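Keep in mind it's a predicted model, so treat the numbers as computed, not measured.
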2 protein chains.
Amino acid sequence: MTQAVRHDSMRARNLGVVLGEVRRSGPITRAALAEITGLTKTTVSKMVGDLLGAGMVTESGALRDGERGRPGTAVGLSGHRVAALGLEINVDYLSVCVVDLTLSVRLRRTQAVDNRAALPVETLAHLQELAHRVVDEARSEGLAVAGSTLAVPGPVDDGLLHAAPNLGWHDVRVGDLLDFPVAVENEANLAALGELWFGSGPSDFLHVSGEIGVGAGLVVGGALFRGARGLAGELGHVIVSPDGPACRCGGRGCLEQYAGQEALLRAAGLDGVPELVAALQAGESGALRACERAGRALGVALTSAVHLMDPGTVVLGGVFAPLFPWIHGPAVETMTARLARMRHAVPELTVSRLGGDAASLGAAGQVIHRIIADPGAHLAATTARPASEPR
Amino acid sequence: MTQAVRHDSMRARNLGVVLGEVRRSGPITRAALAEITGLTKTTVSKMVGDLLGAGMVTESGALRDGERGRPGTAVGLSGHRVAALGLEINVDYLSVCVVDLTLSVRLRRTQAVDNRAALPVETLAHLQELAHRVVDEARSEGLAVAGSTLAVPGPVDDGLLHAAPNLGWHDVRVGDLLDFPVAVENEANLAALGELWFGSGPSDFLHVSGEIGVGAGLVVGGALFRGARGLAGELGHVIVSPDGPACRCGGRGCLEQYAGQEALLRAAGLDGVPELVAALQAGESGALRACERAGRALGVALTSAVHLMDPGTVVLGGVFAPLFPWIHGPAVETMTARLARMRHAVPELTVSRLGGDAASLGAAGQVIHRIIADPGAHLAATTARPASEPR
DNA sequence: CCGATTTAATCCATTTTATGGACTTAATAT
DNA sequence: ATATTAAGTCCATAAAATGGATTAAATCGG
């Protein structure tokens, strides 16, 4: 149910609106904030004062724009105090990053670990140690880590990792294995949010994150679409051909059997993405054929996805990013042939500028995003317990 | 951008919260409303007073529950004053209904017209006449029609009907052809909302509305999912088999070519849904085979849809409703085989209790829903101009 | 160079809205 | 008949935003 607005929640919400506008419109004067939000200058001034006190914004000096009249002092987000921890567990690495309120990446650590062989407890002990080291380092830079999110390669429902087939994990309450509070979320979803906040693209897109599996995260109007149980976006198991090769999901002809990393490498007869890229650059016909086949299959699956979800754009990330030049053509061709007559504009197919860090960046970004949306809650939490430890 | 909350909008929102709770929790006392919403008894009492004055709620007498203490007087939605007009244009009929604030259907008129032959202006003149007649009739029952929504068989973006292939219409600003203000929305979307508000199902589902084309509307958390441009839900063109029969959309092997009304009837060698149902009841093998084939294709398309959008349930409406007994089996079988290993629960496949009226009911329901969400706006509009005419 | 003009930011009395406790009302329990 | 309990109303108060006045710091025009 939508909750009633009371005096205190009105204040909290308006604080969020003001801070959100500071983020959106860069350094901006109080007067302009008042204009945009519809609040009075008085109210905005008081709020900016509070936010300054909390170290969430800074005055970046007088803003002289040549106009007549008293120049305003611009206030912008401050990257000096509040920060967030982003974590990622994937098949062959652990990754940790610290991001400040301005979404600048302050620290980043990746550690190659083969987690296929490991139990959840072992992997998470590893991750915890890594996290503590990074948080200590951040603290020595004056940053207060306000929260953390963990990206995992599998569907998550309310903190429970339902299944991570490529890790061999099932029904793990990942958050309970760490000694600090953490939000847990699907890797594909967070990669999409990473693309939203750290890539400079649009705010409506489907982000395809091909790793070992093929996942996708849909962002509409700047918000992630999760479906009824948070399991949306399984592009890898969209049916390309109902009588195609059997898939580990129990179905046949899933996209993963045509465009998954494994299928691609098998079709090309190679055993690594770097090798495949080299072969493609050398113009080897086997590699080229494999990519064309994958591209066409991706085009078929994306056609279904566009009809169902109507994304504004499609962004290819993960392993598809380095293969983009060879996949793009056949995929777009397939989509155009099947979509053009139904839609004014066939969604553009672009490539992600982010590397494999998209998910952990998205994880940290989610924490920052929540703080900006409700700075009052963060303020209350930090004044009640002035320290910064997530431990 | 999220707008700031000011004193007046706080009031407006709380009024909506209170009225929404009255709708949700049936006749309910002021004290219970205060408890649930978190507002004080004083505030709730004042708001209920205003709503009583506007004729949006009524006191339904003392509520004696056998408990000790003063019994409360229950207030519930009033169906005596505020009403909404729902309109629908479809290939072979026009439909109009009036629904009151309690979502009771007060009036309903359907007129068989073959709109395939007609120009938009002609059809809308027809519809307008029908609407005026019904509104007059409603007024004579004491109802004030507060707004209207029109369902059309094609994708709509911001009031513009992009294309209605089965009507032969293109880029029509339907609302401009009527002499009263109307919101325009896709028929499949409104049918889904109709199912939400008038069917007694869950609040997370994918509603499949097979008419001439096959459309679908996704409802998550009681809200319709529209995609980036409002074109989401085109289940009919999800790809079942990439090399299947050519489709009028330019693609091949779309669901519509297997489970669309035309394809179904052709496969069965009959030319009407009633005839098909009769043949199925008689156990004719051609008809049974056609339905089994359609059911399997539907299962394939729904498998892709479930992977991508994660609906809680799937509800079959439109022409699939009468065919449900024969389609259900093969569809569920296909879905289970392909989904069971990936999900705890394969979404249930149910049948809509609503007839072909789902869309026009949803249209009227949308108006009511908006009034309940923001009764303040309605109140302001009606006190400024006390009459009820949508003309 | 000085006053007029313009815009930014703050100050302060006021308004709007919700709050919380006291009070009244109407029922059941003893 | 009296105590108890819960519903609903009354009223003084508190929280928050408002709007106009004031002060501050620029540019413009002579």
Send over the distance from [X] [atom1] to [N] [atom2], rounded to a whole Å.
X: B:R11; N: D:dA17; atom1: CZ; atom2: C1'; result: 16 Å
X: A:R13; N: D:dA15; atom1: CZ; atom2: C1'; result: 17 Å
X: B:Q3; N: D:dA17; atom1: CD; atom2: C1'; result: 14 Å
X: A:R70; N: D:dT22; atom1: CZ; atom2: P; result: 17 Å
X: B:L39; N: C:dT17; atom1: CG; atom2: P; result: 14 Å
X: A:L33; N: C:dT10; atom1: CG; atom2: C1'; result: 16 Å
X: B:L52; N: D:dG8; atom1: CG; atom2: P; result: 11 Å

Out of [options], which has the shortest distance to the side chain of [X]?
X: B:P71; options: C:dA9, C:dT19, C:dA27; answer: C:dA27
X: A:R68; options: D:dT9, C:dA27, C:dT5; answer: C:dT5
X: A:K41; options: D:dG8, C:dA8, D:dA15; answer: C:dA8
X: A:M10; options: D:dG8, D:dA16, D:dG20; answer: D:dA16
X: A:T73; options: D:dA25, C:dA9, D:dT18; answer: C:dA9

Listed partners of B:S9 passing side-chain contact (heavy atoms from CB on, under 4.5 Å), at least two apart: B:V5, B:R6

Charged N to carboxylate O under 4.0 angstrom, [X] versus [Y]?
X: B:R229; Y: B:D157; value: no
X: A:E35; Y: A:R30; value: no
X: B:R11; Y: B:D50; value: yes

Indicate whether OP1 or OP2 belonging to [N] is found under 4.0 Å from a side-chain N or O atom of [X].
X: A:T42; N: D:dA17; value: no
X: A:R6; N: C:dT19; value: yes
X: A:N14; N: D:dA17; value: yes
X: B:T40; N: C:dT19; value: yes

Closest-nucleotide 5' rank along DNA chain D - winner of B:R30 and A:D8: B:R30

Residue whose nearest DNA chain D nucleotide is more 5′ - B:G72 or A:G38: B:G72

Whichever of B:K46 and B:E67 has its nearest DNA chain C nucleotide further upstream toward 5': B:K46

Minimum heavy-atom distance A:G16-A:P375, with the two atoms named: CA-CD, 3.4 Å

base_contact_polar (C:dT17 base, A:H7 side chain, donor-acceptor, <3.5 Å): yes

Expected output: side-chain B:D100 to main-chain B:A83 donor-acceptor under 3.5 Å: no

Sugar-phosphate only, base, or nothing, as touched by A:T29 at under 4.0 Å among non-hydrogen atoms: sugar-phosphate

